[in-house]
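Note that the structure is a prediction, hence the values are computed from the model and not measured.
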Amino acid sequence: MNDRTAGEDKRAPQTEELLQVEGLTVGYRTKRGFMRAVDGISFSLRKGRSLGLVGESGCGKTTVGMTLMGLLPPNGEIRSGRILFKGADLVQKTEEEMRRVRWREIAMIFQAAMNALNPVQRVEKQIAEAILTHAPELSEEEALRQVEGLFQMVNLPHDRMHDYPHQYSGGMKQRAIIAMALACNPDLIIADEPTTALDVIVQHQILEETKALQRDLDISIIFISHDISIVADVSHDIGVMYAGQLVEYGSREEVFGDPRHYYTRALLASYPTLAGEKKDLVPIPGETPSLVNPPSGCRFCDRCDAAAETCSLERPDWMEVSPTHRVLCARCLSP
């Protein structure tokens, strides 16, 4: 068993790239025009690693997850970019091909577990259905035995398998959703706000169990959250998103220990400190720009205290702070 925990192996040996996202632009057709929810982002994820995507609501985090799953709504559209998963471009796959990828290779823990389960079907049947869809050669009895093993894995009593979702507490529903995500032994799990609406004690338990499962099963995970404390606790690497763009990317220690983008700094200043010491919280002034008609320059410049006149005119380039830490800001390395 691998006993590594998130953040402890920054200098660990390089492993194979499981996922490479290159120049991905995704948006939605609206009455006002095409809204670029994700605009030209690139990142990678190695096998067994976890990546946290953090940012304000509406910055494009969930769109990234739904695009990776091939679950965009009818008005959603991938305008450009590649999603290389195990070397194959998911953007080029047909719906039938993506149906074979979902759950077996890439699974998702959706927001709001209460809404992710069918209220009129027993929990065991819902998880067994996912197994049988990808392994039709199994009998229902064999699938249910696998469900029993999954319940044990996520610390759910096996005698609650026959219950309906309304008979579960919030924490139990979330564990059931995690069990469903693990049902087909995927290589990648996308966890979109996995602890929403849970109290802090249950939230801590779920996160600790998730980290243990990742270590034991060597699964790669993308954590999507606006909660910095969750992302810092569970992620090896961090991607900070703002207005559809990735603006800072690096290891957890680099991004949270030495933030260089002014949005990352503002985000940390507006959040209670992770160490627990008292400090005044500083709100971020202003609003995010329109994603239908985004500004030509830096999208954060109207809210940035350090912005120069050129920031609103020139599209910023990526600046390399270190080989593993980069920032989308022309002034990030200024004194």
Side-chain angles (χ1 to χ4, degrees), residues 1-2 48 50 65-66 69-71 98-225 230 233-234:
M1 180 190 302
N2 183 354
S50 54
M66 299 300 278
M69 289 288 291
L71 293 175
M98 281 303 301
R99 191 174 292 118
R100 291 194 290 269
V101 170
R102 293 188 204 111
W103 242 249
R104 172 174 287 182
E105 299 186 75
I106 305 176
M108 190 166 187
I109 301 172
F110 294 95
Q111 291 187 46
M114 284 74 76
N115 301 325
L117 292 168
N118 187 332
V120 298
Q121 192 175 41
R122 299 183 192 276
V123 174
E124 63 176 355
K125 294 288 186 180
Q126 298 185 53
I127 301 176
E129 182 179 0
I131 295 172
L132 291 170
T133 297
H134 291 281
E137 71 279 3
L138 295 179
S139 67
E140 184 174 352
E141 292 74 17
E142 289 172 320
L144 290 175
R145 281 198 295 272
Q146 289 191 22
V147 174
E148 186 173 350
L150 289 166
F151 266 54
Q152 182 178 359
M153 191 180 296
V154 299
N155 293 319
L156 278 174
H158 68 86
D159 58 353
R160 301 298 301 272
M161 289 170 52
H162 312 294
D163 291 350
Y164 290 93
H166 74 270
Q167 296 174 284
Y168 280 14
S169 66
M172 292 178 69
K173 287 191 183 85
Q174 195 63 57
R175 286 184 172 90
I177 291 297
I178 294 172
M180 187 178 292
L182 295 169
C184 297
N185 299 312
D187 297 291
L188 172 63
I189 290 180
I190 302 166
D192 189 3
E193 302 283 2
T195 56
T196 297
L198 300 179
D199 64 70
V200 292
I201 295 175
V202 176
Q203 175 179 287
H204 176 73
Q205 293 172 346
I206 294 292
L207 292 176
E208 289 301 308
E209 291 166 5
T210 302
K211 288 193 292 184
L213 288 169
Q214 181 186 19
R215 293 194 305 269
D216 296 345
L217 303 176
D218 199 29
I219 297 172
S220 299
I221 301 181
I222 295 177
F223 286 93
I224 297 172
S225 181
I230 289 177
D233 184 37
V234 300

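For the side-chain hydrogen bond (donor to acceptor under 3.5 Å, both in side chains) test, residues two or more places apart in sequence or in another chain that qualify with Arg102 are Glu95.
Ring orientation note: the planes of Trp103 and Phe110 are close to parallel, at an angle under 30° on the 30°/60° scale.
For His162 and Glu124, the side-chain atoms include at least one donor-acceptor pair closer than 3.5 Å.
Closest non-hydrogen pair, Leu150 versus Ala179, comes out as CD1-O, 3.7 Å. Shown here for Glu129 and Gln121, the closest heavy-atom pair between the two residues is OE1-OE1, 3.9 Å. The two atoms that bring Ala116 and Ile177 nearest to each other are CB-CD1, 3.6 Å, heavy atoms only. A pairwise comparison of heavy atoms in Pro194 and Gln174 identifies O-CD, 2.7 Å as the closest pair. Of all non-hydrogen atoms in Met108 and Ala181, the two that sit nearest each other are O-CB, 4.4 Å. When all heavy atoms are compared, the tightest approach of Gly171 to Val202 is CA-CG1, 3.6 Å.
Within the 4.5 Å cutoff, the side chain of Arg175 has heavy atoms near those of the Gln205 side chain. Put simply, the side chain of Met180 reaches to within 4.5 Å of the side chain of Leu117, judged on heavy atoms. Looking at Val123 and Met161, their side chains never come closer than 4.5 Å, going by heavy atoms from C-beta outward.
Other residues, nucleotides and ligands contribute more than 12 heavy atoms inside 6.0 Å of the CD atom of Glu208.
No side-chain donor-acceptor contact under 3.5 Å links Tyr168 to the backbone of Asp163. Although no hydrogens or angles enter the test, the distance criterion places a donor-acceptor pair under 3.5 Å between the side chain of Gln167 and the main chain of Tyr164.
Of the inter-residue distances, the one linking Glu137 atom CD with Leu132 atom CG reads 9.0 Å to the nearest 0.5 angstrom. A distance of 12.5 Å separates CD of Glu148 from CE of Met153, quoted to the nearest 0.5 Å. A distance of 5.0 Å separates CG of Leu188 from CD1 of Ile222, quoted to the nearest 0.5 Å. Residue Lys173 holds its NZ atom at 12.0 Å from CG of Leu156, rounded to the nearest 0.5 Å. To the nearest 0.5 Å, the span separating OG on Ser220 from CD1 on Ile189 amounts to 9.5 Å. With rounding to the nearest 0.5 Å, the separation of CD1 in Ile106 from SG in Cys184 is 13.0 Å.
Screening Ile219, Asp233, Ile178, Val234 against Thr210 for a side-chain contact (heavy atoms from CB on, under 4.5 Å) leaves a single residue, Ile178.
Applying the side chain to side chain donor-acceptor pair (under 3.5 Å) rule to pairs touching residues 176-195 yields Thr62-Asp192, Lys86-Asp187, Gln111-Asp192, Glu193-Ser225, Glu193-His226, Thr195-Gln203, sequence neighbours excluded.
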